[in-house]
Trainee: 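This is the structure I want to talk about, given as structure tokens.
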Amino acid sequence: MTSRVVFISVLLLLWCHSRHVLGSGDSGTGIVPSPDRSADGADLLSVGTMVGTHSAMLRQGSTDECDIVMNLSAADRCAFVKATPDCSMEDSFINYLKMAFCLLPPNLTPLTITLCIIWLLILFIVLGLTASKFFCPNLSAISSSLRLTHNVAGVTFLALGNGAPDVFSATVAFSRPHTAGLAIGALFGAGIFVTTVVAGSVSLVKPFTVASRPFLRDVIFYMAAVFWTFIILYRGTISLGETLGYLGLYVVYVVTVIVSAYIYSQQKHSATRSSVQSSTHAPGDTHVPELQTSESDQAPLLSNGSIQEGYGNNHSHCAHSTKLYLWGVLREPIQSSVCVCACIDSEYRPLLPYCESTSSILLNSLNPVDSRTWRRKTWRWRTVKILKMPLEVLLLLTVPVVDPDKEDRNWRRPLNCLHLVTAPLVCVLTFSSGEYGLYLIEGQFPVWALTLLFGLFLSAIVFLTTSNDQPPAYHLVFSLLGFVVSAMWISAAASEVVSILHMLGVVLSLSNNLLGLTLLAWGNSIGDCFSDITIARQGYPRMALSACFGGIIFNMLIGVGIGCLIQMFNNEPVVTLEPEGLLTWVLAGSLGLSLAFSFILVPLRCFHLGRAYGIFLLLFYAVFLLVALLTEFGFIHI
């Protein structure tokens, strides 16, 4: 609830700030429009003169020419946005700057900002739904089909599933030259938020003793990643070798997790054997001691608990379970087998078998509401569910999900055949903002139409060669298709999020760092915050803390590494990362300080995290946020 209040408060603050900025900006800055302006106000010569005159007005540390648009008069802004390459927003479906300055009159710009903020919230919902209900289950199915061990799956596939919104947002932001500040703010801001607010909330809800070796391992690796990023920001450039070093450091982290888990497993088995042998030779003692395990060893077996929440066909019941599975494998000690996907449908199965019609299967598969869940939920949950239903139905229509824990592996013949038509269309129309989907072959036949015909052909073949009650042998291929399509949805939503935040930064005269550490970081982390607190209340605080560090290590190393590689592939072999003023160093210093506190204070407290430590972490984040806001608005400066 605290995180929701903070998130809504910042939105209100930005809206009030927009009223102030726009109210003062519309009065002009002494720039007189050109008298020979054309009818549509797009005199390119005049605009070029304005760009040259006001290039010195760029905010400190910013190289984005679009930032100076608010220094112009309201009549000149549309022409400036059309003529400036930095305002083009080619990677998104909508040019939000043109919408703000050209589509609507200047006096309605606050309305445009309000609509964009509402659209931003919807995009965050799309990110969360796609990642939890579709991306994670398909990754789990792929890892199961590849027979990966729990440790390898936990720090690769399932880490990608849990951190998909953060990683895709950071990758998109880093791949654009003028939005790297968003990625830096989001990664550092999410790191501070998770290691203070989330960890502090878990400590307040359920005081516990953390596993010492995994905790120190994760903190050390994350400190190394943050320090490396700090050095790169100080130098201002990152080369190909350094970018590959980010990916290499994560490989080292994965190997360390696997090796340490193997060593612990060997030590545990050896201790068990010696304990059994000593008890066998003890005279008059026939009791065989049981191996005691801590709460981090056990993964909760969930059924109807408050953690799970699925669709009517229960194809997504592993969404939260996948996250728990990841948290279980990121920590030592670890059981040799983890079972968290419990089937809850057995008691509701009919006593006598019956054949369901194809149309009935299709309609039931597209129903995102479970009647049993609906009856026992509150009116608030029902209201939110109704608002989310159109998005859920759209995703159900386009993204297949394979569930290896169910007998039929979630095979829905009519819906899966429909996926062969809709899924390729989504991939073609969302890749590179639909640029390739609208391309005309030989100038006559569009690519999307060819994709549609190919999908109809495959769908007809699958429909004629399969049955409703038995999945085909190649059903696992649908998990690969679902993985690709859900990744395309997440990537498209992340691109729109980055473009909206870029527009808000330009219109409200806010730095990318501030928007990244607040809106982008909170939007991607609030869902995990609620999940972690819920897990802690269920009695598994160690599992919740595992998510705090394991996820942000993956997001930092993979997000920076892949994003910079994409920018190098598109532009130059050396990427320039210029810090946006003092706020960047406030971010980096605060994150480093919070990690240093954790590295020093937690061992001094014998690795016990109590309520006092939780309050300390929450106060630390409040002070950091206050300092960041004062720095952004010029009250703290060099």
Side-chain angles (χ1 to χ4, degrees), residues 90-95 122-123 126-127 129-131 133-135 137-139 141-142 164 168 172 311 313 315-316 357-368 389-402 409-468 471-496:
E90 296 177 353
D91 295 330
S92 62
F93 290 91
I94 303 173
N95 190 320
I122 295 174
L123 290 173
V126 172
L127 286 172
L129 277 176
T130 309
K133 306 289 187 181
F134 300 90
F135 194 71
N138 282 312
L139 282 179
I142 293 173
F168 277 91
V172 170
Y311 291 146
N313 56 7
H315 72 269
S316 64
S357 64
T358 300
S359 59
S360 178
I361 293 175
L362 179 61
L363 293 177
N364 291 333
S365 301
L366 292 176
N367 181 17
M389 278 180 60
L391 299 175
E392 294 179 354
V393 172
L394 177 62
L395 292 172
L396 286 172
L397 279 170
T398 56
V399 184
V401 175
V402 176
R409 292 180 292 181
N410 199 45
W411 168 249
R412 301 292 183 267
R413 178 176 171 234
L415 182 59
N416 290 139
C417 292
L418 182 61
H419 286 150
L420 294 175
V421 179
T422 58
L425 279 177
V426 169
C427 293
V428 169
L429 295 177
T430 56
F431 182 71
S432 188
S433 302
E435 177 183 354
Y436 296 98
L438 301 177
Y439 177 77
L440 297 178
I441 302 175
E442 298 293 334
Q444 297 180 353
F445 198 73
V447 172
W448 68 264
L450 179 64
T451 305
L452 176 63
L453 293 176
F454 181 72
L456 290 172
F457 177 72
L458 285 181
S459 178
I461 293 178
V462 172
F463 188 82
L464 295 175
T465 57
T466 57
S467 61
N468 289 336
Y474 52 83
H475 185 217
L476 284 176
V477 176
F478 282 85
S479 64
L480 295 174
L481 179 62
F483 163 74
V484 173
V485 180
S486 56
M488 296 301 297
W489 274 118
I490 294 174
S491 178
S495 297
E496 297 302 306

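Source: prediction; values computed, not measured.
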Trainee: Grab the two heavy atoms, one from Arg409 and one from Pro471, that are nearest each other, plus how far apart they are.
Mentor: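 In terms of heavy atoms, the two residues are closest at NH2-CG, 3.7 Å.
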Trainee: Kindly indicate, with the supporting measurements, whether the criterion side-chain hydrogen bond (donor to acceptor under 3.5 Å, both in side chains) is fulfilled by Thr466 and Trp411.
Mentor: CA-CA 11 Å; Thr466 57; Trp411 168 249; 5.3 Å; no
Trainee: For a quick test of reading the model, state the closest non-hydrogen atom pair linking Trp448 to Leu429 and the distance between them.
Mentor: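 Nearest heavy atoms, Trp448 then Leu429: CB-CD2, 4.0 Å.
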Trainee: Rounded to the nearest 0.5 Å, what separation is found between the CG atom of Leu396 and the CG atom of Leu362?
Mentor: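 The CG atom of Leu362 is 10.5 Å from CG of Leu396, to the nearest 0.5 Å.
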Trainee: With rounding to the nearest 0.5 Å, note down the distance linking CG in Leu420 to CG in Leu425.
Mentor: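 Answer rounded to 0.5 Å: 11.5 Å.
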Trainee: Atom CD1 in Ile490, atom CG in Leu123: separation rounded to 0.5 Å?
Mentor: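 Rounded to the nearest 0.5 Å, the CD1-CG separation comes out at 12.5 Å.
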Trainee: Could you tell me the separation between the CG atom of Leu366 and the CE atom of Met389, rounded to the nearest 0.5 Å?
Mentor: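 Here the interatomic distance stands at 10.5 Å.
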Trainee: Does Val402 offer a backbone N or O that forms a donor-acceptor pair with the side chain of Asn410 under 3.5 Å?
Mentor: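 Pair absent, no side-chain N/O of Asn410 close to backbone of Val402.
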Trainee: Does a side-chain heavy-atom distance below 4.5 Å link Pro368 with Val393?
Mentor: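 Result yes, sub-4.5 Å side-chain heavy-atom pair found.
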Trainee: I'd like to know if the side chain of Ser479 reaches the main chain of Ala141, judged simply by a donor and an acceptor atom lying under 3.5 Å from each other, with no hydrogens or angles considered.
Mentor: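 Answer holds: no.
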Trainee: For the residue pair Asn138 / Ser486, report whether a side-chain donor-acceptor contact shorter than 3.5 Å exists.
Mentor: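 There is no such pair between these side chains.
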Trainee: Quick one: does Thr130's side chain have a donor or acceptor within less than 3.5 Å of a partner on Leu127's backbone?
Mentor: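 No; judged by distance alone, with no hydrogens or angles, the pair does not exist.
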Trainee: Shortest non-hydrogen contact from Thr422 to Thr398?
Mentor: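 Where Thr422 meets Thr398 most closely, the heavy atoms are OG1-CA, 3.5 Å.
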Trainee: Under a 3.5 Å distance rule, please check whether Glu496 uses its side chain to pair with a backbone N or O of Phe93 as donor and acceptor.
Mentor: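 Yes, Glu496 side chain to Phe93 backbone: donor-acceptor pair under 3.5 Å.
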Trainee: Should Phe463 and Leu458 be marked as a side-chain contact (heavy atoms from CB on, under 4.5 Å) after you check the CA-CA gap, both sets of side-chain angles, and the distance that decides it?
Mentor: CA-CA 9 Å; Phe463 188 82; Leu458 285 181; over 6 Å; no
Trainee: Look up atom CZ in Phe135 and atom CZ in Phe168, then write down how far apart they are to the nearest 0.5 Å.
Mentor: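 Spacing of CZ (Phe135) from CZ (Phe168) equals 5.0 Å.
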Trainee: Would you check if Ser491 and Met488 make a side-chain contact, meaning some heavy-atom pair closer than 4.5 Å?
Mentor: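 Ser491 vs Met488: side chains apart.
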Trainee: To the nearest 0.5 angstrom, please state how far the CG atom of Asn367 sits from the CG atom of Leu363.
Mentor: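 Between Asn367 CG and Leu363 CG, I get 9.0 Å after rounding to 0.5 Å.
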Trainee: Looking at Ser360 and Ser357, would you say the former's side chain and the latter's main chain have a donor-acceptor pair under 3.5 Å?
Mentor: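 Checking the backbone N and O of Ser357 against the side chain of Ser360, no donor-acceptor pair under 3.5 Å is found.
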Trainee: Side chain of Ser365, backbone of Ile361: donor and acceptor closer than 3.5 Å?
Mentor: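 Yes; at least one donor-acceptor contact below 3.5 Å.
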Trainee: When you measure from the side chain of Ser459 to the backbone N and O of Gly455, does any donor-acceptor pair fall under 3.5 Å?
Mentor: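 No; judged by distance alone, with no hydrogens or angles, the pair does not exist.
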Trainee: Check the angle between the aromatic planes of Phe478 and Tyr474 and answer parallel, tilted or perpendicular using the 30° and 60° thresholds.
Mentor: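 Answer is parallel, since the angle falls under 30°.
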Trainee: Would you please test Val462 and Asn416 for side-chain contact (heavy atoms from CB on, under 4.5 Å) and show each step?
Mentor: CA-CA 9 Å; Val462 172; Asn416 290 139; over 6 Å; no
Trainee: Should the heavy atoms of other residues, nucleotides or ligands under 6.0 Å from CZ of Phe445 be counted, would the total exceed 12?
Mentor: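 Yes, the 6.0 Å shell around CZ holds more than 12 heavy atoms from other groups.
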Trainee: Are there over 12 heavy-atom neighbours, none belonging to Phe454, within less than 6.0 Å of that residue's CZ?
Mentor: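 Result for CZ/Phe454: open.
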Trainee: When you look at Leu129 and Glu392, which way does the side-chain contact (heavy atoms from CB on, under 4.5 Å) test go after all the steps?
Mentor: CA-CA 8 Å; Leu129 277 176; Glu392 294 179 354; 3.7 Å; yes
Trainee: Between Asn468 and Pro414, what is the shortest heavy-atom contact and its length?
Mentor: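 What the structure gives for the nearest pair is OD1-CD, 4.1 Å.
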Trainee: Which pair of non-hydrogen atoms, one from Thr430 and one from Ala492, has the smallest distance, and what is that distance?
Mentor: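 Closest heavy-atom pair between Thr430 and Ala492: CB-CB, 4.2 Å.
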Trainee: If you look at every heavy atom in Val485 and Ala423, which pair is closest and at what distance?
Mentor: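 Scanning both residues completely, I find the closest heavy atoms to be CG2-CB, 3.4 Å.
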Trainee: Spell out, as yes or no, whether a donor-acceptor pair under 3.5 Å connects the side chain of His419 to the backbone of Gly482.
Mentor: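 No; zero donor-acceptor contacts below 3.5 Å.
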Trainee: Applying side-chain contact (heavy atoms from CB on, under 4.5 Å) to Trp489 and Leu394, what does each step give before you reach the verdict?
Mentor: CA-CA 11 Å; Trp489 274 118; Leu394 177 62; 4.0 Å; yes
